[in-house]
Amino acid sequence: VLFRSLPAPTVPTVPPSIAGELTPAAPIDRPPWQRYAVPSPPLRGRIPIALVIDDVGIDQARSKRAIDQLPAMVTLSLLPYGANIERQAEAARARGHEIIVHVSMESDSRSVDPGPNALYVDLAPDEIARRLAWALSRFQGYVGFNNHMGSRFTSYEPGMRVVMAEAERRGLMFLDSKTAPEAVGVNLATEYAVPFATRQVFLDNDMSVAAVKKQLAALEAIARKDNGAVAIGHPHDGTLTALEEWIPTVEAKGFLLVPLTAMAKVPAPRATTRN
């Protein structure tokens with residue numbers, strides 16, 4: 001049974017009076033993407049690599065392994081509908097991880113269920129904003145968000161404008177998981193002055209340890225060429241094992257693990273219209 005054939009999910013209404021309080025207001029000079037950022041160690045000539053583990057919060061055992069065993073410089077992206085998600089977010093932050101929200105968005109494949117309260121291109125702007133507000137209300141202390149699936153939605157400019165306007169208002173950064181070549185998120189992030197980063201490597205389309213290690217080698221090559229890179233993996237056994245073996249080797253190769261915010265590109269502020 002396809003997700004779209006099911007009755008529309010119940011999404012809690014977020015009154016405008018409290019919508020802005022779901023992510024606590026930060027001082028003007030410290031929006032949440034900076035307030036909750038994990039300090040990056042100095043590069044000292046090393047090449048930065050940011051690792052992001054998506055889908056944290058669903059598989060409780062493997063999520064705990066990622067939270068507990070991966071070093072603090074690894075950023076974790078938590079699905080907002082995970083069980084005990086607030087507790088998992090608190091545990092991740094207590095272990096020193098930077099965290100982001102993994103926002104479910106529509107895929108090009110009609111056979112793929114992106115999850116409850118996902119963002120779809122046929123939703124009205126108010127409903128997109130309401131579902132996004134729900135996702136961003138599920139836990140606190142995050143620096144931003146990235147798309148879960150979303151090959152169709154991230155290519156839909158009207159919907160992504162709603163998303164970027166909210167990111168600008170809340171002071172969040174955006175990680176483009178880059179699930180579609182036509183994705184418009186980075187262009188709109190630049191327009192809305194939203195700090196952003198872009199995924200260059202997926203680590204585990206093949207979840208075997210050997211395949212993940214090949215992707216890590218590709219990540220190293222891209223990072224050397226571009227003087228930095230962002231990779232996304234998932235809390236699969238093969239991925240976690242490969243990372244646990246690879247991470248202790250990175251500094252000897254001239255790399256440095258950094259939190260996602262250290263890779264953010266910060267667009268110039270939008271010009272304001274004066275009367």
Side-chain angles (χ1 to χ4, degrees), residues 33-34 36-43 46-79 82 85 87-102 139 141-148 172-178 195-205 207 209 211-220 222-223 228-264:
W33 84 271
Q34 293 175 322
Y36 298 123
V38 172
S40 178
L43 288 178
R46 294 167 292 185
I47 299 169
I49 290 177
L51 296 177
V52 179
I53 301 299
D54 278 356
D55 295 357
V56 174
I58 301 301
D59 185 317
Q60 303 280 297
R62 291 178 176 86
S63 294
K64 187 176 189 306
R65 180 180 173 189
I67 291 168
D68 291 346
Q69 300 300 321
L70 294 178
M73 288 299 110
V74 176
T75 298
L76 304 179
S77 183
L78 284 69
L79 283 164
I85 199 63
R87 187 188 314 160
Q88 293 188 75
E90 290 170 0
R93 292 192 68 212
R95 295 287 297 183
H97 296 285
E98 206 165 76
I99 61 173
I100 60 177
V101 184
H102 205 26
F139 55 89
Y142 49 83
V143 297
F145 62 96
N146 68 329
N147 52 292
H148 173 55
L172 302 174
M173 77 167 288
F174 170 64
L175 169 61
D176 189 349
S177 301
K178 205 64 179 172
F196 67 89
T198 304
R199 184 275 311 165
Q200 280 115 318
V201 176
F202 274 127
L203 296 178
D204 49 11
N205 289 332
M207 295 179 282
V209 174
V212 174
K213 286 183 175 180
K214 287 183 180 179
Q215 290 300 96
L216 288 168
L219 173 63
E220 292 178 12
I222 290 171
V230 177
I232 289 178
H234 302 81
H236 306 309
D237 288 334
T239 305
L240 296 175
T241 296
L243 287 176
E244 288 164 0
E245 294 177 8
W246 176 78
I247 286 171
T249 73
V250 297
E251 293 198 29
K253 299 175 183 177
F255 300 106
L256 182 68
L257 286 186
V258 298
L260 178 63
T261 50
M263 302 297 288

Can you confirm whether [X] sits close enough to [Y] that some side-chain heavy atom of one is under 4.5 Å from a side-chain heavy atom of the other?
X	Y	answer
E220	V201	no
W246	V212	no
S77	I100	yes
F139	Q88	no
L260	M173	yes
K178	Q200	no
V250	L256	no
V38	V143	no

Q.
So, using side chain to side chain contact (heavy atoms under 4.5 Å, CB included) as the criterion, who are the partners of A50 when residues are at least two apart?
A.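 Side chain to side chain contact (heavy atoms under 4.5 Å, CB included) list for A50, sorted by chain: V230, V258, M263.
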Q) Within a reach of under 6.0 Å around NZ of K253, are more than 12 heavy atoms found that belong to other residues, nucleotides or ligands? A) yes
Under 3.5 Å, is there a donor-acceptor pair between the side chain of [X] and the main chain of [Y]?
X	Y	value
N146	S177	no
E98	T261	yes
T239	P235	no
E251	P248	no

Nearest atoms (heavy-atom pairs only) where [X] meets [Y]:
X	Y	answer
G57	Q60	O-NE2, 3.0 Å
H97	P71	CE1-O, 3.1 Å
L172	G144	CB-CA, 4.0 Å
A66	L240	CB-CD2, 4.1 Å
G228	I47	N-CG2, 3.5 Å
G82	I58	CA-CD1, 3.8 Å

Would you compute the distance between atom [atom1] of [X] and atom [atom2] of [Y] and round it to the nearest 0.5 angstrom?
X	Y	atom1	atom2	value
R93	I67	CZ	CD1	13.0 Å
L79	S63	CG	OG	8.5 Å
L51	L70	CG	CG	8.5 Å

Q | Any side-chain donor near an acceptor of the partner, H148 and D54, under 3.5 Å | A | no
Q: Would you check, one step at a time, whether the test side chain to side chain contact (heavy atoms under 4.5 Å, CB included) holds for T249 with F255?
A: CA-CA 9 Å; T249 73; F255 300 106; over 6 Å; no
Q) Are L175 and I232 close enough, and set up right, to give a side chain to side chain contact (heavy atoms under 4.5 Å, CB included), and what steps lead you there? A) CA-CA 10 Å; L175 169 61; I232 289 178; 4.1 Å; yes
